[in-house]
There are 2 protein chains.
Amino acid sequence: MMQSSPQAAIDKFWEFFPPVWHTVRAHIHHEAAENFDITVGQFHILRRIRGGIDSVSKLAADRDTSRPAISRAVDVLVNQGLIVRTVNPADRRNVQLSLTAEGQSLMEALFSNTRNWMAEKMADLSEAELEAIFVAGDALKRAFANKNG
Amino acid sequence: MMQSSPQAAIDKFWEFFPPVWHTVRAHIHHEAAENFDITVGQFHILRRIRGGIDSVSKLAADRDTSRPAISRAVDVLVNQGLIVRTVNPADRRNVQLSLTAEGQSLMEALFSNTRNWMAEKMADLSEAELEAIFVAGDALKRAFANKNG
DNA sequence: TGATAATAGTTAACATTAGCAATCATTTTA
DNA sequence: TAAAATGATTGCTAATGTTAACTATTATCA
C-alpha cells in the first residue's frame, strides 16, 4: 500500500474527523433535546461527572472554559435534579459534584440510545475495519489526548 | 486478537474521539485567537468556504445551525475582509461566498501551522498505525458522515 | 503564631452568539 | 399572472461565555 505517510494521515484525519464528530454530536443534540430536555453542553458536563471529573475547576480545565461558565451550568443541572453539590469535608473550599439517581438513569438511557444508534450505523463494518478503529484510536489518543494540549 | 466486536469499537470510539477532537480544537482555538484573531466558529466557516460550501444555506445545513446565525457570522468575516459576498447572476437570491486573498492566506497559514503541530504529535506513530488511521477513517466516514445524520 | 498568598467557587456586568419569527427579493410552479 | 417556495437578512429574546471582583477556606513562611 505504502500510502501512509504522516502527511497523508493528516489529510485523512481532516477528511473524516470533523464530519464524523459532527454527525455523532448532532444525534446527541437531537436526542438530548427531544427526549431528555438537556443541551449538548449539559450532556458533556454530565458525561464528565459520570467519568469522575467531579469539581467545577476540573470541569473547567477539561473543557477549556471558564469556571463561571461551569458554575452556572452546574446551577441549572442542580435545579433540574440531575446532579448534587456536596462540600468536601477534607477541604471545605471544594464542592464535589455527583449524579443523582435521576441523572444516572438519564445518562444510562441516553448512552444506551446512542450506542444502539451507533451500532446500527456500524453494522456493516468488517472485522478488519473494527480492528483498525482500535489501532487508530489508540494511536491518535496517544498522539493527541495528553496533558500538553 | 478477536476483540473487535462493534460494541467494543463503540467503547473505543468514546474513549478516543472526544479527547482527540478536543485537543485539536483547543490548538486551533489558541492559534486562531492568538495569531490570527478569529474564533473557532469562524475558522470552521472559513474552512467550509475553502472547501466549496459557498452559500449561507449550505453552511447552515452543513453546520446544523440556523441561517440567521450564519448570516451574522458572515457579516463579521466580511467586515474583517476575509470573505466577500457576490450575488449569483444565475439566481439573484443566491449570495455566493468566497475567500479574499487575505482570507486565503490566513487559512493557508493556519492550516500549515496546524499541520506542523499535528505532524510533530504524530511523529512517532508506526507505519501500521498510520495505515490503521486510513482504514478506520474511511470506515467511520462511511458509517457516519452521510446525509442522514 | 499571625500575616500573606493561593485556591475553590460564586456573583456581577458585559459581550457574543444562538434561536425563532417576520420580512424582502427573487424564482418556480400551477 | 397569482400563489408558493427559496435564499438571505433583520428584530427580538434567551442562552452562554468572558473578565473582574468578592467570599470562604486552606497553605505558606517569616
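Worth saying up front: this structure is predicted, and the values here are computed from it rather than measured. Numbers restart at 1 for each chain; the letters A, B, ... are given by sequence-line order, proteins then strands. Basis for what follows: all heavy atoms, side chains included, without hydrogens, waters or symmetry-related copies.
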If the plane angle is over 60° it's perpendicular, under 30° parallel, otherwise tilted; pick one for A:F17 and A:F13. parallel
Numerically ordered, the residues 28-53 of chain A set in heavy-atom contact under 4.0 Å with DNA chain D is A:T39
When you check every protein heavy atom under 4.0 Å of nucleotides 24-30 of chain C, what one-letter string (B, S, -) results, 5' to 3'? --BS---
Does B:R67, at its CZ atom, have more than 12 non-hydrogen atoms belonging to other residues, nucleotides or ligands within less than 6.0 Å? no
When we call it a touch if two heavy atoms are under 4.0 Å apart, what does B:S57 touch: a base, just sugar-phosphate, or nothing? sugar-phosphate
With no hydrogens and no angle check, do the side chains of B:H27 and B:N113 hold a donor and an acceptor under 3.5 Å apart? yes
Taking A:I83 as the starting point, is it possible to reach A:V76 by hopping between hydrophobic residues whose side chains are less than 4.5 Å apart? no
For the pair B:F43 and B:F111, name the ring-plane relationship: parallel under 30°, tilted 30 to 60°, perpendicular over 60°. tilted
What is the separation between atom CZ on B:R63 and atom C1' on C:dT17, rounded to the nearest whole Å? 11 Å
Looking at residues 67-78 of chain A, who's got a heavy atom less than 4.0 Å off DNA chain C? A:R67, A:P68, A:S71, A:R72, A:D75
Between A:T65 and D:dT18, is there a side-chain N or O to OP1/OP2 distance below 4.0 Å? yes
Hey, are A:H22 and A:R25 close enough side-chain-wise for a donor-acceptor pair under 3.5 Å? no
Determine, for B:D54 against B:K58, whether the closest basic-nitrogen to carboxylate-oxygen distance falls under 4.0 angstrom. yes
Count the heavy atoms of every other residue, nucleotide or ligand shown that sit under 6.0 Å from CZ of B:R115, and state whether that count exceeds 12. yes
Rounded to whole angstrom units, what separation is found between the CD atom of B:Q80 and the C1' atom of C:dT16? 13 Å
For A:W14 and B:W21, take the angle between the two ring planes, folded into 0 to 90°, and tell me which bin it lands in: parallel under 30, tilted 30 to 60, perpendicular over 60. perpendicular
May I ask whether B:V78 and B:F36 are part of the same hydrophobic cluster, defined by side-chain heavy atoms of I, L, V, M, F, W, Y residues being less than 4.5 angstrom apart, directly or through others? yes
How is B:R85 classified with respect to the nucleic acid when contacts are heavy atoms under 4.0 Å: base, sugar-phosphate, or nothing? sugar-phosphate
So, does B:T100 use its side chain to make a donor-acceptor pair with the main chain of B:L82 at under 3.5 Å? yes
Taking OP1 and OP2 of D:dT25, is either one under 4.0 Å from a side-chain nitrogen or oxygen of A:N94? no
